[in-house]
There are 2 protein chains.
Amino acid sequence: MTKTSVTIKEIARLLDISKSTVSRALRDSSEISEETKKKVIDLAESLHYSPNPIALSLLKQRTHTIGVIVPDIANRFYSSTIGGVEDIAYSRGYHTMIYQSHELLDREMSATRHIAQRRVDGLVVAIASQSENMDHFVQLQEQGIPVVLFDRVLDGLETHKVRVDDYKGAFEATEHLISRGCRRIAHIAGPQPVSITRNRLEGYRDALQKHGMEFQEEWVLHSPITQEGGTERTYQLMALRNRPDAILGASDRITMGIHWALRQLGYKMPDDVAVIGFCDLSLASLMDPPISAITQPSFEMGQQATSLLLDLIESKNPPAHYETRVLQSNLVIQKSSLKASE
Amino acid sequence: MTKTSVTIKEIARLLDISKSTVSRALRDSSEISEETKKKVIDLAESLHYSPNPIALSLLKQRTHTIGVIVPDIANRFYSSTIGGVEDIAYSRGYHTMIYQSHELLDREMSATRHIAQRRVDGLVVAIASQSENMDHFVQLQEQGIPVVLFDRVLDGLETHKVRVDDYKGAFEATEHLISRGCRRIAHIAGPQPVSITRNRLEGYRDALQKHGMEFQEEWVLHSPITQEGGTERTYQLMALRNRPDAILGASDRITMGIHWALRQLGYKMPDDVAVIGFCDLSLASLMDPPISAITQPSFEMGQQATSLLLDLIESKNPPAHYETRVLQSNLVIQKSSLKASE
DNA sequence: CTGAAAGCGCTTACAG
DNA sequence: CTGAAAGCGCTTACAG
C-alpha cells in the first residue's frame, strides 16, 4: 500500500535543480535549455510521472470535469445521450460526472449543489419534469458555471439549448395515422409542465386540424413517463363509449404501456388500434407487433449539447447570443400502424 | 460571471482573526471559545461558505470519490447496479464517477489510468468480457486504491468480490424446464472467458446430468452479449436436424434475441420451444409471450460491493481476509416456459 | 537559461 | 484560547 505518486519536487531533488525548472521543462517552455528539458522529460517518463490534477485544479480553478443530470440513466434515451456527452467530453480532455434526478426537483437541486461545491466546470442537463423553477441553475450560472439544456428545455433559463423538433415529430406521426385511415386518434401525453409535452400535443392537434378532424378532449390524457402510466391511460381510453382507433404515445415507456394494455385487452394492432410512439427503435422492434416509432437522435443530442457547453467554458467572454438547436426526429413505420389492407 | 466562492481567508479578514482560528471554529474544535465559534459559524452561514473540496483533497490525499466501471450503462442490469452503488456512496458521503468499458480491455485500462490520475479513492468494477488480464487493477491496488469486483469476477485479483449464484440460477432454470417436460434443452451462453459464463454452463450441465439427460455439444453455443448474437445462435440451433425444444439464454439481450428469432421463424412459445433466460423482469414481462426469467438482485449487488469498498477505503490496515459474497437469483416463471397443458 | 517566492484553499503541529 | 508557519503539488510573475 504505497501511495507514492511521483511529484515535481521529487524530480527536482533527483536532478538537483529547482521545481520551477522542472515544471517549465515539463510544459516544454521555450525558456529552458534543450539539454535540461531532455533530462527532465526522460526522468519523468521513467518514473511514470503524471501531474496531480487536484493541485492543478486548485491553482487554475478549473477541474476539467463537466456534470450531466438526467432524470434516469436506465432510460435508453438518456443513456444514449450520455454516450454522446462522454464522446465529446472525452475527446476534448474533459471528464464527466453523471447525476440522476429521478424526476425530483429535490435531487436535481442536490446535484447542482454538489456540482457547485466540486467546482465542476459546467453542466448539461435534461431537467426533471417536476422542475418549473430554474433558480438553482441560474445560481450556477451566477457562480460562473455555464449550463446547457437539452431534451427538456424551458424558457426560464437564458442559455444554449438543444432539443428535438417534437412538434414536427408528433405532427408527422399523426398525419401518418390519418393517411392510414385512422379517424379517432388518441394521444397519451407526458407530464404537463414539460415543454416537450406541450410541443407534441400541439403537433398532434394541428395535424388533426389540418385534415379537418375533430380534436376530442377525452382522447388526450397526461401520464407520468412510466409503463404503468401508459397502461392505465390505455385502459381508460379503451373504456370510452367512443373509443379511439389509434394511439400516439409520448415516450418509450408510455408506448410500451400502451402496447401491453392493448394486448391484455385483446385488441389487435394495427387492425383494431394502430399504435405509434416516441420510442427507441431497438425497444420498439422488440415488440410483437413491432411498434412504429418516432426516433430521436439522442447520441447526437448529447454531443451537440456538450460541444456548446465546452465552447462556453473555454471562451473568455459570454457569447453574443445563445442559440437553440433543433434536431430532427425520424419516423420509422413498423407493423403496429400498418392497416391490414396494406 | 463572478466566480467568488467565499474562502476561509475572507472570513478571517472580515472578522479580523486568523485563518487558523476560522478553520478550527468551523470544525468545531474544542480549543476555540464558544463566542468566537459562534461569530465564525454565523458569518460562514450567511456567506454560504462551503469548504473547497479540492483544497481538502490536495491536503488529505483523499477525494471522497469512487469510480465504477461497467461494460455498458444502457444495460438495465448495470444501470440498476449503479443505482445501488450511488445509494450507498451517497449516504456515506462519497461521490461516484461512472465509466463504461464497452467490453473493451482498452477502455477499461484508460478508465483505470484516469482513476489513478484523479486520485479516486477506490473502484468497483464489473470487468469487461475481454479482460483476462488483471494487471491494471493490481497496479491500482499497489497505488493504495482498493478495488472491489462485482458480477464478473475473476481469480486473478485478490480482493472482495460480490457475485450472483449463477450456477444455481442456471441449475434451477434447467430443472424447471425439465419438470415442464422439455427433453432437448439448448443453452446460448455468454462469451467464453467470463466466469459467469462458465458457472451458468456448469449449472445447466449438472441439472441435465442429475436428471439423466444427455448433454449435447451442438446445443451449446457461445454468443456476445447482444440481441443479434442471441438471434443468430437461435437460427443456428433451430436449423439443426435434431432441434431443441427449449432454450436457456445467458443474458438480457441474448434472451431478447432468442425470443425475436423464434417469432421470426414461426415457432410458438412455449409449445414448440420453451424459453427462459437471465433477464431483467421489466424487460421479460414486456415480451409476448412474457419470458420466464432468472432475475438478479442488481441493485443490492451494487450496494454490497460499494459498502465493502468503502470499508476498505476507510480502514487503516488491510483486512484479515477478502470475502466473496454470493447473492441469490430468483426464478420468475412466465408464459414462455409454461407448456400448453398447464 | 534558472531559481526563490508567492499563492491556489485548506489543516495542523508548534508556540505562546 | 489564538496565531504564525509549513505544507499538500503545482505554476508563474519577478529577479538575476
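Owing to the predicted nature of the structure, the values given are computational and were not obtained by experimental measurement.
At a threshold of 4.0 angstrom between heavy atoms, the contacts of Ile17(B) are confined to the sugar-phosphate backbone, with no base atom among them. Using a 4.0 Å heavy-atom criterion, one finds that Ile8(B) contacts the sugar-phosphate atoms exclusively. Within 4.0 Å (heavy atoms only), Lys19(B) reaches at least one base atom of the nucleic acid. Counting non-hydrogen atoms under 4.0 angstrom, Thr36(B) reaches the backbone sugars and phosphates but no base.
A 6.0 Å sphere centred on CD of Glu158(A) holds no more than 12 heavy atoms belonging to other residues, nucleotides or ligands. Counting non-hydrogen atoms of neighbouring residues, nucleotides and ligands closer than 6.0 angstrom, the CG atom of Asp42(A) exceeds 12 such neighbours.
Atom CZ of Arg13(A) is separated from atom P of dG9(D) by 13 Å (rounded to the nearest Å).
Positionally, the nearest nucleotide of DNA chain C for Ser33(A) lies more toward the 5' end than for the other of Leu26(B) and Ser33(A).
Side-chain atoms of Lys9(B) lie closest to dC8(C) of the nucleotides dC8(C), dC10(C), dC1(D). If you check dA4(C), dT11(D), dG9(D) against the side chain of Leu58(A), the one that comes closest is dG9(D). Residue Leu56(B) has its side chain nearest to dT11(C) when only dC10(D), dT11(C), dT12(C) are considered. For Ala55(B), the side-chain atoms get nearest to dC10(C) when compared with the rest of dA4(D), dC10(C), dT2(C). For Ser23(B), the side-chain atoms get nearest to dT11(C) when compared with the rest of dC10(C), dT11(C), dC10(D).
Relative ring orientation between Tyr322(B) and His160(B) is described as perpendicular, the plane-to-plane angle rising above 60° on a 0-90° scale split at 30° and 60°.
Side-chain atoms of Arg24(B) and base atoms of dG3(D) include a donor and an acceptor less than 3.5 Å apart.
As rounded to the nearest Å, dA5(D) and dC1(D) have P atoms that lie 24 Å from one another. Using atom P as the reference point in both dC10(D) and dC14(D), the two lie 24 Å apart (nearest Å).
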ring-ring contact (aromatic ring centres under 6.0 Å, His included) evaluation trace for Tyr99(A) with His95(B): CA-CA 10 Å; Tyr99(A) 300 80; His95(B) 201 74; 4.8 Å; yes
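Between Ser18(B) and dG3(D) there is a side-chain polar atom (N or O) within less than 4.0 angstrom of OP1 or OP2.
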